[in-house]
Each structure stands twice: as C-alpha cells, then as structure tokens.
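What follows is a single structure, written as structure tokens, with notes after it.
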Amino acid sequence: MAKLTESWTNRSLLRREKIISSARKSFIELGFHGTGIAQIAKDATVSAQQLYRDFTNKEGLVSVVVERESRALFDPIVDAVEAGIADEHALEANLGSVFETLLDTLEPSLFLEMFAEAARNPNIALILQDTDEAVRARLTKSFRQFADVTVPDQDIDVVVQIMLVIMGGLINRPVAEPALARQTLARQSASIIAGLLRKRR
C-alpha cells in the first residue's frame, strides 16, 4: 500500500512539474495575459480539469513561475557571494562566472513580463518584494563580514542596492541589444561590485 501511495505521489509531482514547465514556456512566448489554461493543458498533455485539480487558476501558475524564476536569478548570485566573501579575488571570479551563466540561461522577456505584472497585480508584487527582502538580508550579512568595522551599515546597504541595480540591468540589456558581448559585460559587472567592496575594507 505504501509503495502504491508513493508511486501515485511521484506521478502527481511529475505531472505538476510538467504543467509548470509548459506554463513557463507559454508565458515566455505569449506573455501571462496571452496564455490560456487550455493552451497550457494541451502542451502539458493533461486535461484542463486535471490542471485545475493541481492549480486553482492561472494566477496560481503565474505565482509559481514568478517565484521560481526569482530564485533562479538570485540564489546562485547570493551563493557566489557567500562562497567568495573571504577573498575579494574569489568573489569577483565567482560573480563573473555566475553572471555569465545567468546571461546565457535566463529569459529576459519573462522577467520583463514578471515586473510588468507586478505593477498591476499586488500578489505578484508581494512575491518579488519578499524575494528581494530575503536577498538583501543575505547580501547585507555577507558584505558586513567583508567590510571594515568602521564602515556604516548605510554604506553597506548602498553597495547591496547598486549590486541589485546592476543585476536588473544585466537581465534586461539583451532585449535592447541582442548582440551584446555578454562575457565581457558579466566580468566587468563583477569587477565593479568587487571594487565597491574593496573600498570598504
């Protein structure tokens, strides 16, 4: 009986992941408002009724995708900072590598869609704000360990904010300039952030 329950649970999780993947693909191609439940269900090869058993409505799917995309952006960057914070050269190398990978793998159109939706939808805005708050807290803690004790907390917050602004620009630049030299931009961005921190040691 336990094995049957486990098998059913695994199938349910796999189906749910397939639905989320199909929704993400449609959101990238058509936008949140251009995507319908019927299209997502068709792409996921499930019935609309089954989809509604897993997700109450389309906004539920949008929320899951927004949260996952936010984490896919921020978690590797914060992990890179935490792993290299004791060594400014390691920090710069870690950030450069992560920025380069993100520029090659993230979907700028989806992030633009997310922020546009957040301006209209308080639930989506809250997801982005919660993620931002958690990321700022982790970065602030790491940068505080890196900086000299005489550096005021306000100065650390400025560095965190500048880093987040740079990250936002890195996401959006490929939309305006598809032929962007991504590797160079990633490395230079990492160098700027490391330089800001170096001045505060």
Side-chain angles (χ1 to χ4, degrees), residues 16-41 43-44 48 51-52 54-82 95 98-143 154 156-178 180 182 185-186 189-190 192-193 196:
R16 180 181 170 86
E17 289 302 315
K18 193 173 183 181
I19 292 170
I20 294 169
S21 177
S22 296
R24 180 182 184 275
K25 177 175 176 288
S26 292
F27 294 156
I28 291 169
E29 294 174 356
L30 304 171
F32 293 146
H33 293 278
T35 298
I37 285 292
Q39 181 64 48
I40 296 171
D43 289 346
L51 189 152
Y52 279 120
D54 288 319
F55 298 92
T56 305
N57 50 36
K58 188 173 74 174
E59 183 168 333
L61 269 168
V62 170
S63 296
V64 170
V65 170
V66 167
E67 185 169 1
R68 288 191 178 193
E69 290 300 306
S70 298
R71 289 298 180 186
L73 167 64
F74 288 117
D75 283 352
I77 293 172
V78 179
D79 290 345
V81 168
E82 292 175 343
L95 282 177
V98 171
F99 285 163
E100 190 176 340
T101 299
L102 291 175
L103 278 168
D104 287 337
T105 57
L106 292 177
E107 293 287 347
S109 59
L110 184 53
F111 278 92
L112 291 173
E113 188 76 15
M114 286 163 52
F115 283 102
E117 183 65 17
R120 299 183 290 259
N121 186 329
N123 293 328
I124 301 304
L126 186 60
I127 293 171
L128 294 179
Q129 289 161 8
D130 286 347
T131 301
D132 184 80
E133 183 178 354
V135 168
R136 282 189 288 111
R138 286 179 65 188
L139 288 175
T140 298
K141 181 180 179 181
S142 293
F143 290 168
Q154 184 179 1
I156 299 297
D157 185 60
V158 168
V159 175
V160 171
Q161 295 292 356
I162 290 173
M163 180 173 178
L164 294 174
V165 168
I166 289 173
M167 288 162 56
L170 284 173
I171 298 168
N172 296 327
R173 282 305 303 158
V175 176
E177 189 178 349
L180 190 68
R182 300 185 179 195
L185 182 62
S189 297
I192 290 169
I193 293 167
L196 288 171

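When a residue number appears, it is its place in the shown sequence, counting from 1.
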From CA spacing to verdict: side-chain contact (heavy atoms from CB on, under 4.5 Å), Thr131, Val66 = CA-CA 10 Å; Thr131 301; Val66 167; over 6 Å; no
Pair Glu117, His33: side-chain N/O donor-acceptor within cut-off below 3.5 Å = yes
To the nearest 0.5 Å, atom CZ of Phe111 lies from atom CG of Leu170 at 11.5 Å
Could you walk me through whether Phe143 and Val81 pass the side-chain contact (heavy atoms from CB on, under 4.5 Å) check?
-> CA-CA 8 Å; Phe143 290 168; Val81 168; 3.5 Å; yes
Show your working on side-chain contact (heavy atoms from CB on, under 4.5 Å) between Asp75 and Arg138 and close with a plain yes or no.
-> CA-CA 10 Å; Asp75 283 352; Arg138 286 179 65 188; 3.9 Å; yes
For Glu17, what residues pass the side-chain hydrogen bond (donor to acceptor under 3.5 Å, both in side chains) criterion, not counting sequence neighbours?
-> Arg68
Rounded to the nearest 0.5 Å, what's the gap from CD1 on Ile171 to OG on Ser109? Could you check?
-> 11.5 Å
Between Asn123 and Asn121, what is the shortest heavy-atom contact and its length?
-> N-OD1, 2.9 Å
If you count the non-hydrogen atoms of other residues, nucleotides and ligands that lie under 6.0 Å from CD in Glu82, is the total more than 12?
-> yes
Close side-chain approach of Leu139 to Val159, heavy-atom, < 4.5 Å | no
Value rounded to 0.5 Å, distance of CD1 in Ile193 from CE in Met163 | 4.5 Å
Taking side chain as C-beta onward, heavy atoms only, is Thr35 less than 4.5 Å from Val62?
-> no
Sequence neighbours excluded and cut-off under 3.5 Å, please list the side-chain donor-acceptor pairs for residues 19-27, or say none.
from, atom 1, to, atom 2, distance (Å)
Ser22, OG, Lys18, O, 3.0
Ser22, OG, Ala44, N, 3.4
Arg24, NE, Glu69, OE2, 2.6
Lys25, NZ, Glu29, OE2, 3.3
Ser26, OG, Ser22, O, 3.3
Ser26, OG, Asp43, OD2, 3.4

Quick one: pull up CE in Met114 and CD in Glu67 and give me the separation to the nearest 0.5 Å.
-> 10.0 Å
Any side-chain heavy atom of Phe74 within less than 4.5 Å of one from Leu102?
-> no
Should Ile124 and Phe32 count as side-chain neighbours, where that means a heavy-atom distance under 4.5 Å?
-> no
Rounded to the nearest 0.5 Å, what's the gap from CD1 on Ile156 to OG1 on Thr140? Could you check?
-> 8.0 Å
Step by step, would you call Val64 with Phe55 a side-chain contact (heavy atoms from CB on, under 4.5 Å)?
-> CA-CA 10 Å; Val64 170; Phe55 298 92; 4.1 Å; yes
Looking at CD of Glu113 and CD of Glu107, how far apart are the two atoms once the value is rounded to the nearest 0.5 Å?
-> 12.5 Å
Residues at least two apart in sequence or cross-chain that pass side-chain contact (heavy atoms from CB on, under 4.5 Å) with Arg136, listed by chain then number, are Asp132, Glu133, Val160, Gln161, Leu164
Between Ala125 and Ala118, what is the shortest heavy-atom contact and its length?
-> CB-O, 3.4 Å
Would a 4.5 Å heavy-atom cut-off, applied to side chains only, mark Ile127 and Ser63 as touching?
-> yes
